[in-house]
Amino acid sequence: SISSRWLYKEPNEFMDLPKFEEHKLGVKKAPNPSNINWVDLGVGWKERLQRLLKTNGFMLLLILICFGIVVGLQKLKEYYPTSFVGSICPVIGIAVANSCLVCGAKRFGEDEYHNTLTEQAASISLKMAVAMVVNTAGVIFWSNFEPKQWYKT
């Protein structure tokens with residue numbers, strides 16, 4: 001809390017927090033035992049960082065592949081605007097790409113090392129959110145990004 005951090009006192013306590021050889025001790029509330037990911041708890045920071053970089057790298061690669069597929073399907077829609085292929089293929093492609101991204105985010109989030117199950121869920125959610133924004137809004141932006149059209153009246 002703010003009072004314990006800046007005043008070095010808990011809000012409902014009148015005595016100072018403990019000190020060790022005149023140094024302030026940092027105290028954080030521990031997570032609930034049911035929230036602790038006991039299997040990943042003993043993993044060192046180097047191995048955690050390596051796994052984080054590896055999983056996020058694979059997730060970025062998956063996002064870029066799905067982005068390319070969806071952009072290609074959007075271009076297909078421009079070439080066949082009135083046909084069945086031009087209307088249904090992009091929709092099916094986007095749905096399949098989003099499903100692949102969701103599955104990938106879950107898989108890569110579970111492969112990382114997290115101290116708590118809440119951290120793991122937050123990592124998976126962040127991966128999914130970034131993937132969905134890139135795969136939907138990013139594709140729309142990329143497909144309609146033509147500076148030549150900006151200055152025409």
Side-chain angles (χ1 to χ4, degrees), residues 1-6 8 10-11 17-18 20 23-150:
S1 70
I2 293 175
S3 63
S4 64
R5 179 171 290 207
W6 296 103
Y8 205 59
E10 287 297 323
L17 290 174
F20 179 73
H23 297 286
K24 295 179 182 179
L25 296 177
V27 179
K28 292 192 316 185
K29 183 180 176 186
N32 292 330
S34 61
N35 191 25
I36 295 175
N37 193 355
W38 295 101
V39 175
D40 296 344
L41 202 56
V43 178
W45 68 272
K46 287 182 183 179
E47 193 171 348
R48 285 178 192 270
L49 182 62
Q50 287 175 348
R51 183 68 64 96
L52 180 74
L53 293 174
K54 179 181 165 186
T55 57
N56 285 334
F58 283 132
M59 189 66 197
L60 179 64
L61 182 65
L62 184 62
I63 289 172
L64 292 176
I65 289 170
C66 289
F67 181 83
I69 290 170
V70 172
V71 167
L73 290 171
Q74 289 285 67
K75 294 295 180 187
L76 179 73
K77 180 180 170 183
E78 292 174 10
Y79 291 123
Y80 303 106
T82 58
S83 71
F84 178 76
V85 173
S87 62
I88 198 71
C89 280
V91 174
I92 292 172
I94 290 171
V96 169
N98 284 344
S99 297
C100 290
L101 290 172
V102 167
C103 291
K106 285 182 183 177
R107 169 88 165 115
F108 294 137
E110 290 170 356
D111 283 349
E112 293 174 358
Y113 296 121
H114 300 284
N115 286 337
T116 63
L117 299 176
T118 304
E119 287 178 10
Q120 182 175 351
S123 173
I124 292 170
S125 299
L126 181 64
K127 284 176 179 36
M128 283 186 195
V130 169
M132 293 298 137
V133 167
V134 169
N135 205 34
T136 53
V139 169
I140 292 170
F141 179 75
W142 184 268
S143 297
N144 298 320
F145 185 73
E146 296 180 16
K148 298 175 207 170
Q149 302 296 328
W150 293 353

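Basis for what follows: all heavy atoms, side chains included, without hydrogens, waters or symmetry-related copies. The model shown is predicted, which means the values in this text are computed figures rather than measured ones.
Between the CG atom of Asn35 and the CG atom of Leu117 there is a distance of 5.0 Å, given to the nearest 0.5 Å. Of the inter-residue distances, the one linking Phe108 atom CZ with Leu60 atom CG reads 11.0 Å to the nearest 0.5 angstrom.
Looking at every heavy atom in both residues, Pro31 comes nearest to Ile36 through CG-CG1, 3.9 Å. Ala131 and Met59 make their closest contact through CB-CE, 3.9 Å (heavy atoms, listed as atom of the first residue, atom of the second, distance). Considering every non-hydrogen atom in both Lys127 and Ala105, the closest pair reads CB-CB, 3.8 Å. Here the closest non-hydrogen pair linking Asn135 and Val139 is O-CG2, 3.3 Å.
Between Tyr113 and the choices Gln50, Arg48, Arg51, the side-chain hydrogen bond (donor to acceptor under 3.5 Å, both in side chains) rule is met once, by Arg51.
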Worked verdict on Val102 versus Lys106 for side-chain contact (heavy atoms from CB on, under 4.5 Å)
CA-CA 6 Å; Val102 167; Lys106 285 182 183 177; 4.1 Å; yes
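A donor-acceptor pair is defined here as one N or O able to donate and one able to accept, closer than 3.5 Å; no such pair exists between the side chain of Ser123 and the backbone of Glu119.
Here the side chains of Ile124 and Met128 are in contact, with some heavy-atom distance below 4.5 Å. A 4.5 Å side-chain heavy-atom check between Leu101 and Ile63 finds at least one atom pair inside the cut-off.
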Distance-only check: which donor-acceptor pairs under 3.5 Å involve side-chain atoms of residues 37-46, not counting sequence neighbours?
from  : atom 1 : to     : atom 2 : distance (Å)
Asn37 : ND2    : Asp40  : OD2    : 3.0
Asn37 : ND2    : His114 : O      : 3.4
Trp38 : NE1    : Pro33  : O      : 3.3

Donor-acceptor contacts, no H, no angles, side chain residues 64-76, under 3.5 Å, sequence neighbours left out:
none

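Contact check on Glu112 versus Arg107 returns no salt bridge, with no Lys/Arg side-chain nitrogen under 4.0 Å from an Asp/Glu carboxylate oxygen.
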